[in-house]
Amino acid sequence: MTRADWEKSYVSAESALREAGVNDADLLKLEEVRVRFMGRKGELTELLKSLKDLSIEDKRELGPKAQALKASFDAAIEARRAALEDQGDTAALAADAIDLTLPSVRAPRGRLHPLTTTLHEIARIFQLMGYSWAEGPHVEDERHNFTALNIPENHPARDSQDTFYLQDLPLLLRTHTSPVQVRTMESMRPPLRVVCPGRVFRHEQLDATHSAVFGQVEGLVVDENIGLADLKGHLQTFLQKLLGSATKTRFRPSYFPFTEPSTEVDVKCFFCPGTGCPSCKHTGWIEILGAGVVNPAVLKAVGYDETKWSGFAFGIGVERVAMLLHGVRDLRHFYTNDQRFLKQFDESLL
Ligand code: PHE
């Protein structure tokens, strides 16, 4: 190659480079341009290679010129690539920009079930009155659920209509929390004051006021000289703490085999001014618990000296109390777990 030829190629490469549009190219186009000029058979590559055909003097003079052209080409390509990458980063950042001023989504907070808070509230009041907490098994034997409680063999409460018996076993699902009363007396010496909260089971048709599974809190006090007056005092105090100091109570004579005398306690209806409504079955009063002075036969059955010790016991239904506290007229709401119902019970309510 002659010097003149080389110079022609140089001029043509230089103008081709100028027109290659490096500064408008996208990344793909940029690579094409790079290959076109600097690839194995690229125009600039050829130009640099052909330097070898020139004389030493020409090489010395033209070599640096060619190198400078290549350097400015490399620099242009690099500058464009950096600009494009920069733009890409900016676009990507803009695409997933986070607005730090947006309020966050509140994580839903769990809360205690209204039956749980009601149970806690009942137990809390009794604990303030010096009662401790005792629990017992759901599956019981006849002795603890019936016999020791003075419920004789032929008593209708033992009927399979009411009691769930376990198949082929002399065991049953406890029908009340009173067996815990028996277990407590078997394991402790008097004096004692306990509440025994828990779930109980009866063969009941589910309706607005009945369920086959429900919560009860049993209470038991055994000491010297305990009688009906103590029972009335404790229960009245409890009901006024639970339902308000203006709460009116009524003690009606009743019957339970394990207490003598026995009573059922009513509170003045919350839903009407005592004039009668469906909630109080038009009587103006709502039954809230069963109670009585512990039958000496029960004390004897657990080995206590019934001439020295006496006591009283009571049983209160958790659902009934929750319905009264919250004005719920159908207890099935407590079991269906409808969020619209449950969300109304803020923990601050109790
Ligand atoms: N165990 C009784 C019931 O479930 C309630 C009760 C308990 C009554 C203690 C008197 C004394 O119906």
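Atoms within a ligand are numbered from 1 in the order they appear, just like the ligands themselves. Not measured: the values here are computed from a predicted model.
- Taking only nitrogen or oxygen atoms, main chain and side chain alike, Q216 reaches within less than 3.5 Å of ligand 1.
- Using a 4.5 Å cut-off on side-chain heavy atoms (C-beta onward), H176 and N145 make contact.
- Considering backbone and side-chain N/O atoms, Q181 never comes within less than 3.5 Å of an N/O atom of ligand 1.
- With contacts defined as side-chain heavy-atom distances shorter than 4.5 Å, the pair F201/L172 does not qualify.
- Side-chain contact between C196 and V217 is absent, with no heavy-atom pair separated by less than 4.5 Å.
- Among protein heavy atoms, the minimum distance from atom 5 (C) of ligand 1 is reached at G315 CA, 4.0 Å.
- Residue-ligand proximity, A313 to ligand 1, at heavy-atom distances under 4.0 Å covers atoms 9 (C), 11 (C).
- With respect to the salt-bridge test (charged N to carboxylate O, under 4.0 angstrom), the residues R158 and E142 qualify.
- At a heavy-atom distance under 4.0 Å, only backbone atoms of A291 (N, CA, C or O) approach ligand 1.
- Note on ring orientation: taking the six-membered ring where Trp is involved, the planes of H234 and F312 are perpendicular (angle over 60°, cut-offs 30° and 60°).
- For ligand 1 and G290, the ligand atoms under 4.0 Å from any heavy atom of the residue are 6 (C), 8 (C), 10 (C).
- For ligand 1, the atoms sitting less than 4.0 Å from at least one non-hydrogen atom of S178 are 1 (N), 7 (C), numbered in the order shown with element in parentheses.
- Heavy atoms from other residues, nucleotides or ligands lying under 6.0 Å from NZ of K268 number more than 12.
- Less than 4.0 angstrom separates some heavy atom of F314 from each of these atoms of ligand 1: 7 (C), 9 (C), 11 (C).
- Neither side chain, D338 nor T336, offers a donor N or O lying under 3.5 Å from an acceptor on the other.
- The shell of residues lying under 4.0 angstrom from ligand 1, judged by heavy atoms, includes F258.
- The option from R202, H176, E218 that lies nearest to atom 12 (O) of ligand 1, judged by heavy atoms, is R202.
- Close N/O approach between T259 and ligand 1 is not found [any backbone or side-chain N/O within under 3.5 Å].
- Taking every heavy atom of both residues into account, L51 and W6 meet most closely at CD2-CZ2, 3.6 Å.
- The closest approach between E264 and ligand 1 stays at or above 4.0 Å for every heavy atom of the residue.
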